[in-house]
Peer 1: 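The structure follows.
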Amino acid sequence: MKLWYTRCPVPTASGLAHNLGWLEQELGEIGVLQDAPPELAARHFDHGLPGLFREGGNVPALAARSEGARTRLIGLTWIEEWQSILVRPDSGITDAAGLLGRRIALPSWAATRARSFPRAMALHGAKGALSQAGLSLDDVTLVEVPADPDPSVGRTGSGVAWSWPGIAELARGEVDAVYVKGARAAEQAAEIGAVVAVDLDAHPDPRARVNNGTPRPITVHEDLLAEHPNVVIGFLVQTLRAAEWAAANLAEVRAILARETRSGADGVATAYRDGFHTTLRPDLSDERLDLLRIQKDFLLLHGFLAADIDLGGWAVPEPLEAAREQLAAWQKATV
């Protein structure tokens with residue numbers, strides 16, 4: 001069975017392990033979907049390859065599972081990524097209450113539910129921001145803006161960084177606010193002179209920040225798990241090892257992220273802050289599963305899932321538990 005790996009252009013421990021060469025050391029040759037032809041790269045969204053490991057946004061992972069994809073959930077991470085509501089500096093909007101009656105950008109549906117992650121992100125991000133002022137989506141006007149119907153994994157086919165839907169419309173005054181996240185969005189905000197009206201990361205309740213990347217799932221095809229459990233455990237060992245390495249190597253992590261996100265140092269520093277590099281370690285705690293359940297219920301309500309999902313039945317904690325034990329034993333033996 002040929003092994004494949006895919007991730008989103010964001011902070012992930014498995015992405016660091018790949019960049020450090022540790023996944024290849026552990027698993028041998030492994031294909032990377034971001035470097036594959038389009039027909040293979042598309043499997044990032046439907047998990048249609050039996051040998052695939054995926055660490056990425058939860059919208060495609062949940063959508064694929066709801067449509068019958070034979071995947072299993074083997075880990076969840078939570079990384080703050082500068083989730084914000086941007087406005088123009090002359091808008092008069094300075095907080096969540098100021099969004100009342102305003103126009104918020106909503107990316108159009110893509111070709112599939114899984115590829116419609118920009119719409120899902122914007123919708124849940126707006127809901128989270130509005131909730132801080134006791135408002136709901138009914139208290140604003142959602143304005144559809146064009147979005148790529150066939151988005152790539154964070155980059156366009158030409159190799160340039162992905163452009164955030166709604167940024168251009170905000171600059172032209174066609175909307176009053178747009179939800180964004182991540183390093184590239186931070187750069188685009190600076191380019192048009194937009195300012196932050198609501199910093200979702202600053203809210204003390206993580207439930208207000210549940211979205212596509214919070215929490216972020218690690219999934220594997222169930223055939224790979226059933227037929228080669230030690231391969232799955234080995235992948236998780238190197239992922240956990242990379243998470244520990246990241247906690248002590250912030251400058252190197254930021255350098256890797258600049259390449260991964262195709263962003264400059266300023267964008268990376270703005271989007272990934274407050275000790276993010278110390279929180280890359282995956283787990284399958286009840287707390288993180290409950291946060292994923294909030295996202296699952298939201299996606300189901302708003303039409304992003306074909307059917308409900310039994311998260312408890314989807315999650316398989318044993319590989320991560322075994323990986324923790326193996327890494328601890330290896331570290332003890334090398335002291």
Peer 1: Of the options Thr239, Ile256, Asn249, which is the one that meets Leu16 in a side chain to side chain contact (heavy atoms under 4.5 Å, CB included)?
Peer 2: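 Of the listed residues Thr239, Ile256, Asn249, the side chain to side chain contact (heavy atoms under 4.5 Å, CB included) partner of Leu16 is Ile256.
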Peer 1: With a 4.5 Å heavy-atom cut-off, do Asp201 and Arg273 have their side chains touching?
Peer 2: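 Yes, at least one pair of side-chain atoms sits under 4.5 Å.
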Peer 1: Minimum heavy-atom separation for Ala147 and Ser108, please, with both atom names.
Peer 2: N-OG, 3.3 Å
Peer 1: Under a 3.5 Å cutoff, is there a donor and acceptor pairing between the side chains of His44 and Thr6?
Peer 2: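 Short answer, yes.
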Peer 1: Please confirm whether the backbone N or O of Trp314 pairs with a side-chain atom of Arg72, one donor and one acceptor, at under 3.5 Å?
Peer 2: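 Side chain of Arg72 to backbone of Trp314, a donor-acceptor pair under 3.5 Å: yes, one is there.
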Peer 1: Does Glu39 CD have over 12 foreign heavy atoms under 6.0 Å away?
Peer 2: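 Yes, because the 6.0 Å sphere around CD of Glu39 holds more than 12 heavy atoms from other groups.
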Peer 1: Under 4.0 Å between a Lys/Arg side-chain N and an Asp/Glu carboxylate O for Glu191 and Arg184?
Peer 2: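 A salt bridge is present here (some side-chain N lies under 4.0 Å from a carboxylate O).
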Peer 1: Between the side chains of Asp308 and Lys296, is the shortest nitrogen-to-carboxylate-oxygen separation below 4.0 Å, so that they form an ion pair?
Peer 2: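 Judged by the 4.0 Å cut-off on N to carboxylate O distance, Lys296 and Asp308 do form a salt bridge.
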Peer 1: Which heavy atom of Arg43 sits nearest a heavy atom of Leu33, and at what distance?
Peer 2: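 Shortest heavy-atom separation between Arg43 and Leu33 comes out as C-CD1, 4.0 Å.
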Peer 1: Look only at the side chain of Asn212 and the backbone of Met121, and say whether a donor-acceptor pair between them is shorter than 3.5 Å.
Peer 2: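 Side chain of Asn212 to backbone of Met121, a donor-acceptor pair under 3.5 Å: no, none is there.
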Peer 1: Check the pair Val143, Glu174 against side chain to side chain contact (heavy atoms under 4.5 Å, CB included), reporting the backbone distance first and the verdict last.
Peer 2: CA-CA 9 Å; Val143 178; Glu174 296 169 8; over 6 Å; no
Peer 1: Hey, can you tell me if Phe117 and Phe45 have their rings parallel, tilted or perpendicular (30° and 60° cut-offs)?
Peer 2: parallel
Peer 1: Can Arg324 and Glu321 be counted as an ion pair, charged N to O under 4.0 angstrom?
Peer 2: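 Result for this pair is no, no salt bridge flagged.
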Peer 1: Could you tell me whether Glu244 and Arg241 have a side-chain N and a carboxylate O separated by less than 4.0 Å?
Peer 2: no
Peer 1: Any salt bridge linking Arg216 with Glu55? Criterion: basic side-chain nitrogen under 4.0 Å from a carboxylate oxygen.
Peer 2: no
Peer 1: If you measure from CG on Asp290 to CD1 on Ile294, what distance do you get to the nearest 0.5 Å?
Peer 2: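 Asp290 atom CG to Ile294 atom CD1 measures 7.5 Å (nearest 0.5 Å).
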Peer 1: Would you mind reporting whether Leu200 and Glu80 have side-chain heavy atoms less than 4.5 Å apart?
Peer 2: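 Result no, sub-4.5 Å side-chain heavy-atom pair not found.
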Peer 1: Please find the pair of heavy atoms, one from Ala189 and one from Trp82, that lie closest to each other, and give the distance.
Peer 2: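 Shortest heavy-atom separation between Ala189 and Trp82 comes out as CB-CH2, 4.1 Å.
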Peer 1: Give every residue pair that meets the ring pair (Phe, Tyr, Trp, His ring centres under 6.0 Å) criterion with at least one member in residues 206-226, sequence neighbours excluded.
Peer 2: none
Peer 1: Once you round to the nearest 0.5 Å, how far does CG of Leu62 lie from CZ of Phe298?
Peer 2: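 If I round to the nearest 0.5 Å, the distance is 13.0 Å.
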Peer 1: What's the separation between atom CD1 in Ile93 and atom CG in Leu86, rounded to the nearest 0.5 Å?
Peer 2: 11.0 Å
Peer 1: With a 6.0 Å cut-off (strictly less than), is the heavy-atom count around NZ of Lys332, excluding the residue itself, greater than 12?
Peer 2: no
Peer 1: Between Arg119 and Glu144, is there a salt bridge with N-O shorter than 4.0 Å?
Peer 2: yes
Peer 1: More than 12 foreign heavy atoms under 6.0 Å from CD of Glu287: is that the case here?
Peer 2: no
Peer 1: Among Ile104, Asp176, Val180, Val198, find the residue that satisfies the side chain to side chain contact (heavy atoms under 4.5 Å, CB included) test when tested with Ile85.
Peer 2: Val198
Peer 1: Please work out which of the three classes, parallel, tilted or perpendicular, describes the rings of Trp22 and Trp245, given edges at 30° and 60°.
Peer 2: perpendicular
Peer 1: Rounded to the nearest 0.5 Å, what's the gap from CD on Glu26 to CG on Leu3? Could you check?
Peer 2: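 Nearest 0.5 Å value for the CD-CG distance: 11.0 Å.
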Peer 1: Show the numbers, then the answer: is there a side chain to side chain contact (heavy atoms under 4.5 Å, CB included) between Ser14 and Phe53?
Peer 2: CA-CA 9 Å; Ser14 63; Phe53 293 96; over 6 Å; no
Peer 1: Does the Trp164 side chain pair with the main chain of Ala186, one donor and one acceptor, at a distance under 3.5 Å?
Peer 2: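 Checking the backbone N and O of Ala186 against the side chain of Trp164, no donor-acceptor pair under 3.5 Å is found.
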